[in-house]
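A quick write-up on the structure given underneath.
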Number of protein chains: 2
Amino acid sequence: MKKQEKPPLRVDAARNREHVLAIARELMAQGDASLQLNQVARAAGVGVGTVYRHFPTRQALLEALVNEHLESLVVQARAAEAASEPRQGLHHFLRAVLKLQLADVGLAEVLSTQEDALPQTSKLKAELGVATQRLLARAHRAGAIRTDVGVDDVRRLICGVVHAVRIGGEPRAASERYLGILMSGMSAPTRRED
Amino acid sequence: MKKQEKPPLRVDAARNREHVLAIARELMAQGDASLQLNQVARAAGVGVGTVYRHFPTRQALLEALVNEHLESLVVQARAAEAASEPRQGLHHFLRAVLKLQLADVGLAEVLSTQEDALPQTSKLKAELGVATQRLLARAHRAGAIRTDVGVDDVRRLICGVVHAVRIGGEPRAASERYLGILMSGMSAPTRRED
DNA sequence: CAGGGAAACGGATTCTTTATCCGAATGGCT
DNA sequence: AGCCATTCGGATAAAGAATCCGTTTCCCTG
C-alpha cells in the first residue's frame with residue numbers, strides 16, 4: 001500500500017547519479033553553497049538534463065546530499081540515551097547537531113526548512129524527532145530541562161544557534177559558548193524546596 | 001576631510017527616489033522579500049535604469065529601506081538606559097529588537113550581515129553597537145549578565161532567536177519564550193555567597 | 001548474439017532574472 | 001530663452017533555471 005513499484009535504475013543511470021552526487025558534495029565542500037544545477041552538471045561532465053532528471057530541484061539534490069548526515073544524527077541521538085546523566089546526554093547530542101550543521105551548510109538549510117522535497121528526508125526528520133523526543137523527555141523527568149520546552153523548540157533553537165555562530169565576526173569559540181547559553185537557558189529553574 | 005562634496009539631488013530625481021522607496025516598502029510589506037529591482041521598477045512605473053541608478057544593488061535598496069528602523073532601535077537602546085533595573089532595561093530593549101526584526105524581514109537580513117552597502121548603515125550599526133554596549137555594561141556591573149557575553153554576542157544571539165522563531169511550525173508564543181531562554185542563558189550564575 | 005524497445009543521455013532552446021548602456025528628455029542656471 | 005549637466009527609460013546583453021526531444025545506451029528476449 002505505501003510504496004509504489006519502483007523499477008530499479010539502469011547501471012549507467014546509477015553510475016551517473018552517484019557521480020553527480022559526489023561532484024556536488026565536492027563543490028559544497030569547496031564552500032559554494034549555491035549548488036546551481038547547471039554548474040554541477042558542467043563540473044560532473046554530464047548534460048544538465050541528466051542532473052535535472054535525477055534531482056528535479058536544487059532542494060532535492062541538497063537533501064540527497066545531506067541525508068547521510070541526517071542518518072548519522074539519528075544514530076547519535078539514540079546513542080545519547082545511554083548517557084548516565086540525562087542532561088549531559090542531551091548536551092552532547094546537541095553539540096553533535098551543532099558541529100555537523102557548522103560543517104555542512106546544506107544540513108543547516110535542510111534542518112531549518114519545514115517542507116521536504118524527498119520523502120526519505122521527511123522520514124529521517126521524523127525519526128530524528130522521535131529520538132530527540134526521548135532524550136528530551138528523559139531530561140524533563142530528571143528535572144533538568146524546563147517542561148515548556150518541546151522537541152520542536154529544541155530543533156528551532158539549535159538552528160538559531162547555528163545561525164548566530166555563522167553570521168558573527170570573531171569566533172572566540174562562539175559555538176561552544178552559545179551552546180552553553182542555550183543549555184543554561186533551557187534549564188529548569190532550580191526549585192527552592194517545595 | 002571625511003565627506004566629499006555631494007551635489008544635491010535634482011527635484012525629479014529626489015521624487016523618483018522617494019517613490020521607489022515607498023513602493024519597495026509596500027512590496028516588502030506584502031510579504032515579498034525577494035525585492036527584485038526590475039519588479040520594483042515596474043511596480044513604481046519607472047524604468048529599471050532609474051532604480052539601478054539610485055540603488056546600485058538589492059542590498060543598497062534594502063539598507064535604505066531599513067535604516068529608518070535601525071535608527072529607531074538606536075533611540076530605544078538609549079531610552080532603555082533609563083530603566084531602573086539594568087537587566088529589565090536590556091530585556092525590554094532586546095524584545096524591541098526581536099519584534100522589529102520579526103515585523104521587518106529586511107531588517108533581520110541587514111542585522112545578520114557584516115558588510116554594508118551604504119556608509120550610513122555602517123554608521124547606524126556602530127551607534128547601535130555603542131548604545132547596546134552601554135546597556136550591557138550596566139547589566140554586567142549589576143552582576144545580571146555573564147561578563148563573557150559581549151555586545152557582538154548579543155547581536156548574534158538575538159539574530160539567532162529571530163531565525164529560530166522564523167523557521168518554526170506552531171508559534172505558541174515562541175518569540176517571547178525564546179527571548180526568555182536567551183535572557184536566562186545569558187544571566188550570570190547566581191553565586192552562593194562568597 | 002542479434003535486434004527491438006524502454007530508459008537514459010545531452011544540449012539546444014526557452015523563459016526568467018540581473019545588470020549595463022546610451023540616445024532622449026528634463027531641470028536648473030545664466 | 002538657451003545651454004549643459006543630470007536624470008530618465010527601456011532596449012539589450014549576460015547569467016541562471018528549467019524543459020523538451022532527437023540520439024544513444026542498456027537490457028532483455030528469441
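Every chain is numbered from 1, with letters handed out A, B, ... down the list of sequences. Worth knowing before you read on, the calculation uses all heavy atoms, side chains too, and leaves out hydrogens, waters and symmetry mates.
Spacing between atom CZ of B/R17 and atom P of C/dG27 amounts to 19 Å, rounded to whole angstrom units. Between the OH atom of A/Y52 and the C1' atom of C/dT13 there is a distance of 13 Å, rounded to whole Å. The distance between atom CZ of B/R15 and atom P of D/dT6, rounded to the nearest whole Å, is 19 Å.
In the displayed structure, B/E115 atom CD is contacted under 6.0 Å by at most 12 heavy atoms of other residues, nucleotides or ligands.
The minimum heavy-atom distance linking A/R155 with B/I167 is given by the pair NH1-CD1, 4.0 Å. Considering every non-hydrogen atom in both B/V151 and B/G129, the closest pair reads CG2-O, 3.7 Å. Residue B/V149 comes nearest to B/L136 through the heavy atom pair O-CD2, 3.6 Å, listed as atom of the first residue, atom of the second, then distance. In plain terms, the two heavy atoms of A/Q114 and A/K125 that are nearest each other are O-NZ, 3.9 Å.
Across all strands shown, B/V48 has heavy atoms under 4.0 Å from base atoms, whether or not it also approaches the sugar-phosphate.
A donor and an acceptor atom, one from each side chain of B/S72 and B/Q76, are located under 3.5 Å apart. A side-chain N or O of B/S122 and one of B/D116 form a donor-acceptor pair less than 3.5 Å apart.
Of the residues in residues 18-31 of chain B, not one comes within less than 4.0 Å of DNA chain D through any heavy atom. A heavy atom lying under 4.0 Å from DNA chain C marks the following residues of residues 36-44 of chain B, by number: B/Q36, B/N38.
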Sort me out a list of protein N/O and nucleotides 2-8 of chain C N/O pairs below 3.5 Å, or just none if empty.
{"from": "C/dA7", "atom 1": "N3", "to": "A/R10", "atom 2": "NH1", "distance (Å)": "2.7"}

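Under the 4.0 Å criterion applied to side-chain N and carboxylate O atoms, A/D153 and B/R177 are assigned as salt-bridge partners. Ion pair A/D12/A/R15 not flagged as a salt bridge, since none of the NZ, NE, NH1 or NH2 atoms sits closer than 4.0 Å to an Asp/Glu carboxylate oxygen. With respect to A/R58 and A/E109, a salt bridge is recorded, a charged nitrogen being found less than 4.0 Å from a carboxylate O.
Within the helix from C/dC1-D/dG30 to C/dT30-D/dA1, the inter-axis angle between the opening and closing five-pair segments is 0°, rounded to 10°.
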Side chains of residues 87-104 of chain A: which donor-acceptor pairs under 3.5 Å do they make with residues two or more places apart or in other chains?
{"from": "A/R87", "atom 1": "NH1", "to": "A/S187", "atom 2": "OG", "distance (Å)": "2.7"}
{"from": "A/R87", "atom 1": "NH2", "to": "A/S187", "atom 2": "OG", "distance (Å)": "3.4"}
{"from": "A/H91", "atom 1": "NE2", "to": "A/R95", "atom 2": "NH2", "distance (Å)": "3.1"}
{"from": "A/H92", "atom 1": "ND1", "to": "A/R95", "atom 2": "NH1", "distance (Å)": "3.2"}
{"from": "A/R95", "atom 1": "NE", "to": "A/E176", "atom 2": "OE1", "distance (Å)": "3.1"}
{"from": "A/R95", "atom 1": "NE", "to": "A/E176", "atom 2": "OE2", "distance (Å)": "3.2"}
{"from": "A/R95", "atom 1": "NH2", "to": "A/E176", "atom 2": "OE2", "distance (Å)": "2.7"}
{"from": "A/D104", "atom 1": "OD1", "to": "A/G106", "atom 2": "N", "distance (Å)": "2.9"}
{"from": "A/D104", "atom 1": "OD1", "to": "A/L107", "atom 2": "N", "distance (Å)": "3.1"}
{"from": "A/D104", "atom 1": "OD2", "to": "A/H69", "atom 2": "ND1", "distance (Å)": "2.9"}

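Judged by distance alone, the side chain of B/R156 and the main-chain N or O of A/V165 form a donor-acceptor pair under 3.5 Å.
Counting only residues at least two apart or on different chains, the side chain to side chain donor-acceptor pair (under 3.5 Å) pairs with a member in residues 128-137 of chain B are B/E81-B/R134.
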